[in-house]
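Single-structure report; data block below.
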Amino acid sequence: MDYLKLLNNEKINILDIQSLLSNESCGASAIFVGTTRDTFEDKKVILLEYEAYDSMALNEMANICSEIRLRWPSLKNIVIYHRLGAVPICEASVVIACSAPHRQEALDSVGYAVNQLKSRVPIWKKEIYENEPIGTWKINKE
Amino acid sequence: MDYLKLLNNEKINILDIQSLLSNESCGASAIFVGTTRDTFEDKKVILLEYEAYDSMALNEMANICSEIRLRWPSLKNIVIYHRLGAVPICEASVVIACSAPHRQEALDSVGYAVNQLKSRVPIWKKEIYENEPIGTWKINKE
Amino acid sequence: MSVVRIGILFFAKTRELAGISRGTFTVNSVVIGSDLLNQLSQFFGLNSVRDSLMLALNERYINLNEELSLCEGDEIAIIPPISGG
Amino acid sequence: MSVVRIGILFFAKTRELAGISRGTFTVNSVVIGSDLLNQLSQFFGLNSVRDSLMLALNERYINLNEELSLCEGDEIAIIPPISGG
């Protein structure tokens, strides 16, 4: 199963994710958690906000699932959750997780999915720094 | 910080692990969860048990931490928890997790640590199958 | 060649520059992607960031070198550089 | 050449074969790893799995080709193929 969600001002609960991944035939789960950082180039981040083109973002997340299932056919469950709105420092903004019978598929597919998400899912992050009233829209590096 | 533990007949709590990983300067955590499977070559596994050479296992886990910190110097926190004794089907037997400023170090170091753990930490698993009174000591493949 | 009215969606930086999150635009139904982007950038005040933008047509990325056949009511999203994750 | 008494630890399959989890063994203080393994396998009934075994001396893996200098009270662990994870 694929579990895809955009959460508005709601924490991502890792216990929920673990139970979505769970499958009796699976020996391995890999979970990537992206968290918000408190600094950018020595500037203190005081607030972070995400916005998305919701419908297209969910489509692209579903496309990523299809692609990784083609590359790693043994994958069981995939979870991609992304938080929107304000995300406090140190909290998870994104979780990408896969379960599989063996570890290598789980680890490799999560790594691949993270890169894909960062390069094509239409979601944007604005960082607001201390002593700078206007926020900065970030750009993911390749 | 390195957090290393052998848990005797106690569940691994992923929320604890997430809070151990958390660090304000870290943008990424990768978590590998090894879970017990219900079948092996069409045989139904009814019970699984782990035993360890505890003191040496903890030493080897610490050595793995030192090695991955040499390879990925930006790593912040590392967690390696392994459960011992009976582990019910579908529950986590091992969790290996790293936090880092960027995703690649977190993902790569976890993958490397999983392989190292499976090849050198003195821990053994016995599987007991349905209709077979004598259990089988498993061997990790390379 | 017919003319169609399409919906335009703005996000992040381009939403702030355009001052709106949705608009409409009238354009020839057959148009090269990059021409459409030029017209939209001109009209909605996005020239300063034009070269960093992508377009999506009905929730799919389009290749700016290709010719589009637009229908009345199609939805074009202007996609500034993304930063999810 | 002196003779020392060392502690022996057994785990998993070798614990079951030997029927004990700890034992003691008396051996020359200077010995090649593989010779020590042969003597232990003979003495504790591990010949059937001998070729799959490793040894650890005081919690460190040893190279079976190397000469060991053992001290009274050293601890040798017999390590069958591991299956953690």
Side-chain angles (χ1 to χ4, degrees), chain B residues 4-7 12 32-37 40 45 48-64 80-85 87 92-96 110-128 134-142, chain D residues 5-25 27 33-34 36-37 40-41 43-66 68-85:
Chain B
L4 310 175
K5 223 188 218 174
L6 299 171
L7 298 95
I12 301 179
F32 172 81
V33 183
T35 45
T36 54
R37 297 166 65 186
F40 172 71
V45 179
L48 254 137
E49 262 194 41
Y50 285 93
E51 74 177 67
Y53 181 9
D54 291 48
S55 54
M56 182 172 167
L58 289 165
N59 278 352
E60 286 294 322
M61 283 154 61
N63 291 342
I64 293 171
I80 307 181
Y81 279 14
H82 203 300
R83 209 168 148 179
L84 301 177
V87 178
S93 53
V94 65
V95 171
I96 298 180
V110 164
Y112 182 88
V114 174
N115 288 337
Q116 289 293 310
L117 179 129
K118 296 218 173 213
S119 70
R120 56 192 264 202
V121 175
I123 296 178
W124 298 272
K125 173 166 70 173
K126 188 181 207 168
E127 286 183 355
I128 317 239
I134 297 170
T136 301
W137 290 102
K138 308 294 290 180
I139 298 178
N140 284 339
K141 294 183 217 101
E142 250 345 90
Chain D
R5 203 168 69 141
I6 57 175
I8 312 293
L9 300 176
F10 301 88
F11 298 95
K13 182 80 175 172
T14 57
R15 178 176 50 69
E16 292 179 350
L17 288 170
I20 48 173
S21 36
R22 307 182 147 262
T24 56
F25 193 68
V27 66
S34 56
L36 175 60
L37 178 55
L40 291 169
S41 299
F43 190 83
F44 290 104
L46 311 177
N47 282 337
S48 63
V49 296
R50 187 268 175 222
D51 290 343
S52 68
L53 302 178
M54 310 242 286
L55 294 179
L57 169 58
N58 299 330
E59 304 178 1
R60 289 172 174 279
Y61 288 109
I62 61 179
N63 181 335
L64 292 179
N65 300 317
E66 282 181 13
L68 306 173
S69 293
L70 299 170
C71 300
E72 187 77 13
D74 273 351
E75 205 161 56
I76 287 281
I78 298 178
I79 310 280
I82 63 173
S83 42

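In the text below, chain A, chain B and the rest are named by the order of the sequence lines, each starting its count at 1. Every heavy atom of this structure was used, including side-chain atoms; hydrogens, water molecules and symmetry mates were not.
- The number of heavy atoms from other shown groups lying within 6.0 Å of NZ (D:Lys13) does not exceed 12.
- Rounding to the nearest 0.5 Å places CD of D:Glu59 at 9.0 Å from CG of B:Leu58.
- The closest side-chain heavy-atom distance from B:Met56 to D:Glu75 is not below 4.5 Å.
- Contact of D:Arg15 with chain B is made through the side chain alone, with heavy-atom distances under 4.5 Å.
- Contact of B:Arg83 with chain D is not made at all, since no heavy-atom distance falls under 4.5 Å.
- D:Ser83 places none of its side-chain heavy atoms less than 4.5 Å from the side chain of B:Ile139.
- Using a distance-only test at 3.5 Å, with no hydrogens or angles considered, a donor-acceptor pair links the side chain of B:Trp124 to the main chain of D:Pro80.
- Heavy atoms only, all atoms of each residue included: D:Ile82 and B:Val121 are closest at CD1-O, 3.3 Å.
- Judged by distance alone, the side chain of D:Tyr61 and the main-chain N or O of B:Arg120 form a donor-acceptor pair under 3.5 Å.
- With a 4.5 Å cut-off on non-hydrogen atoms, B:Tyr50 touches chain D through its side chain but not through its backbone.
- Contact annotation for B:Ala92: neither backbone nor side-chain heavy atoms come within less than 4.5 Å of a heavy atom of chain D.
- Put simply, of B:Glu49, B:Glu51, B:Lys125, the one with the most heavy-atom pairs under 4.5 Å next to chain D is B:Glu51.
- The shortest non-hydrogen separation linking D:Gly85 to B:Ser93 is O-OG, 3.1 Å.
- D:Ile79 touches chain B through backbone and side chain together, each having a heavy atom under 4.5 Å away.
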